[in-house]
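For reference, the structure discussed in these notes is given below.
Each ligand, and each atom within it, is numbered from 1 in the order the structure gives. No hydrogens, no waters, no symmetry mates; every other heavy atom, side chains included, goes into these values.
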Amino acid sequence: MSTREFSTAFDAVSKPNATVLEQFQLSISRMEMYKEDDPLVERLLDNMAKNKIVHVSQKDGGTQIKLIIDYENSEQALFKPQRYPRDYQTLPNHFYFTDFERHHSEIASFHLDRLLGFRRAMPVVGRRLNMSTELWELADGELLKTFFVSPSSNICFHGRCSYYCDTGHAICGNPDTVEGSFAAFLPDKDAVPRKIWRHPWRRSYHKRKKAQWETDSDYCNIVKEIPPYDEGRRLLDIMDMSVLDFLIGNMDRHHYETFKVFDNNTFPIHLDHGRGFGRAFHDEISILAPIMQCCLIRQSTLQTLLR
Ligand SMILES: Nc1ncnc2c1ncn2[C@@H]1O[C@H](COP(=O)(O)OP(=O)(O)OP(=O)(O)O)[C@@H](O)[C@H]1O
Ligand SMILES: [Mn+2]
């Protein structure tokens with residue numbers, strides 16, 4: 001299926017005043033999220049960093065707090081707030097699945113994905129918000145109910161989610177600004193559905209169990225037989241993802257998504273990098289398990305790394 005057919009999934013094709021985000025979404029192809037040197041990327045980053053915000057709500061699903069940001073020009077971004085200072089490391093007794101999310105990891109991962117020439121991540125930029133005028137006053141519903149003033153008179157909120165959304169883990173202004181990452185919104189799920197895949201080298205997400213790949217040295221041969229890994233680009237894309245995850249130190253790659261309209265022979269979207277950069281002085285070799293067990297890497301990726 002061509003880019004053109006993908007484009008027709010959007011009304012924006014015929015929209016004369018398509019926003020930069022809509023234009024960006026329309027240009028997503030089967031091969032990549034955006035073209036090398038696409039000027040829309042810088043414009044999108046600039047818009048998300050500077051444009052006026054008119055509404056803020058909580059994004060359902062996921063384990064940690066995320067907010068949907070609506071801009072005046074009707075663009076949208078996914079906001080992940082800063083929780084800890086940049087140099088705050090993963091706590092020694094935390095698992096990859098209990099680690100706090102780091103907004104700067106989302107930002108740096110986008111840049112690294114682009115530098116490596118993958119171009120499979122949505123653009124992400126950092127921005128500081130005013131706690132009262134850009135969050136509290138624009139929040140609604142369940143999110144609004146979680147705002148409060150702390151003992152030191154800072155405005156805080158905690159939102160609702162399954163991890164770290166309580167008074168003890170609130171996000172507070174410092175004194176009245178909060179920093180976060182802003183990821184450009186993916187095309188609306190209803191217009192452009194995505195398929196969610198379980199990552200073959202997913203970890204166990206259990207504090208006492210191991211995953212099959214950790215004990216079965218022949219694991220790659222099993223994966224190789226199973227569609228979509230038995231043909232096309234997908235297995236090589238999994239290797240690329242492993243390169244990215246190793247460099248950012250992300251052990252939390254449990255699922256990945258693709259755009260359904262492109263069928264199986266398309267790139268996996270590089271999404272959800274909030275748990276990277278937690279241990280700056282540690283190389284987690286097990287993240288390279290797909291590459292080591294399959295003894296496989298895309299030639300262009302290897303060349304990029306050597307360069
Ligand atoms: N840029 C985006 N635009 C729109 N939707 C997004 C975007 N990024 C992520 N999402 C959606 O939100 C969901 C949760 O995002 P993400 O995985 O980043 O958060 P999370 O809290 O780490 O979730 P989980 O705990 O489930 O891993 C994703 O599965 C995806 O469907
Ligand atoms: Mn996640």
Look at the N, O or S atoms of E101, main chain and side chain alike, and state whether any lies under 2.8 Å from the Mn ion (ligand 2).
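No, since none of the N, O or S atoms of E101 sits under 2.8 Å from the Mn ion (ligand 2).
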Checking side-chain contact (heavy atoms from CB on, under 4.5 Å) against L135, which of I53, L143, L129 comes through?
L129
Per the side-chain contact (heavy atoms from CB on, under 4.5 Å) rule, which among D140, L67, L144 passes with S57?
D140
Whether F259 and F267 hold their rings parallel, tilted or perpendicular, with breakpoints at 30° and 60°
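Answer is perpendicular, since the angle exceeds 60°.
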How are the rings of H199 and W201 set to each other: parallel, tilted or perpendicular (split at 30° and 60°)?
perpendicular
Which residue supplies the protein heavy atom nearest to [atom], what is that atom called, and how far is it?
| atom | result |
| --- | --- |
| atom 12 (O) of ligand 1 | K59 CE, 3.1 Å |
| atom 18 (O) of ligand 1 | K80 NZ, 2.9 Å |
| atom 16 (P) of ligand 1 | D272 CG, 3.6 Å |
| atom 26 (O) of ligand 1 | G62 CA, 3.4 Å |
| atom 20 (P) of ligand 1 | K66 NZ, 3.5 Å |
| atom 4 (C) of ligand 1 | L186 N, 3.5 Å |
| atom 25 (O) of ligand 1 | T63 OG1, 2.6 Å |

Proximal ligand 1 atoms for [X], defined as those under 4.0 Å from one of its heavy atoms:
| X | result |
| --- | --- |
| E101 | 22 (O) |
| L78 | 6 (C), 7 (C), 8 (N), 9 (C), 10 (N) |
| R194 | 30 (C), 31 (O) |
| Q64 | 21 (O) |
| E257 | 28 (C), 29 (O), 30 (C), 31 (O) |

Contact check: [X] vs ligand 1, nitrogen or oxygen atoms, below 3.5 angstrom:
| X | result |
| --- | --- |
| H254 | yes |
| E106 | no |
| A184 | yes |

Is the shortest heavy-atom distance from the side chain of F157 to the side chain of V56 under 4.5 Å?
no
Does the side chain of F185 come within less than 4.5 Å of L78's, by heavy atoms?
yes
How about T19 and N73: does a side-chain donor come under 3.5 Å of a side-chain acceptor?
no
Is it the case that E284 and H282 place a side-chain donor and acceptor less than 3.5 Å from each other?
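The criterion, which ignores hydrogens and geometry beyond distance, is satisfied for H282 and E284.
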Sub-6.0 Å ring centroid separation between Y205 and Y96:
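Yes - the distance between ring centres of Y205 and Y96 falls below the 6.0 Å cut-off.
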Determine whether the aromatic ring centres of Y163 and H169 lie less than 6.0 Å apart.
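That pair fails the under 6.0 Å test.
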Among the N, O or S atoms of D272, the one nearest the Mn ion (ligand 2)
OD2
Which one holds for R275 and ligand 1: side chain close, backbone close, both close, or neither close, with close meaning a heavy atom under 4.0 Å?
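None of R275 does.
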I need the contact type for D252 against ligand 1. Using non-hydrogen atoms and a strict under-4.0 Å cut-off, is it side chain, backbone, both or neither?
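Neither part.
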Separation between OG of S242 and CG of D237, rounded to the nearest 0.5 Å
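With rounding to 0.5 Å, OG (S242) is 12.0 Å from CG (D237).
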Check this for me, if you would: do R86 and E179 make a salt bridge, where the nitrogen-to-carboxylate-oxygen distance has to be below 4.0 angstrom?
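Yes.
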Hey, is Q76 one of the residues with a heavy atom under 4.0 angstrom from ligand 1?
no
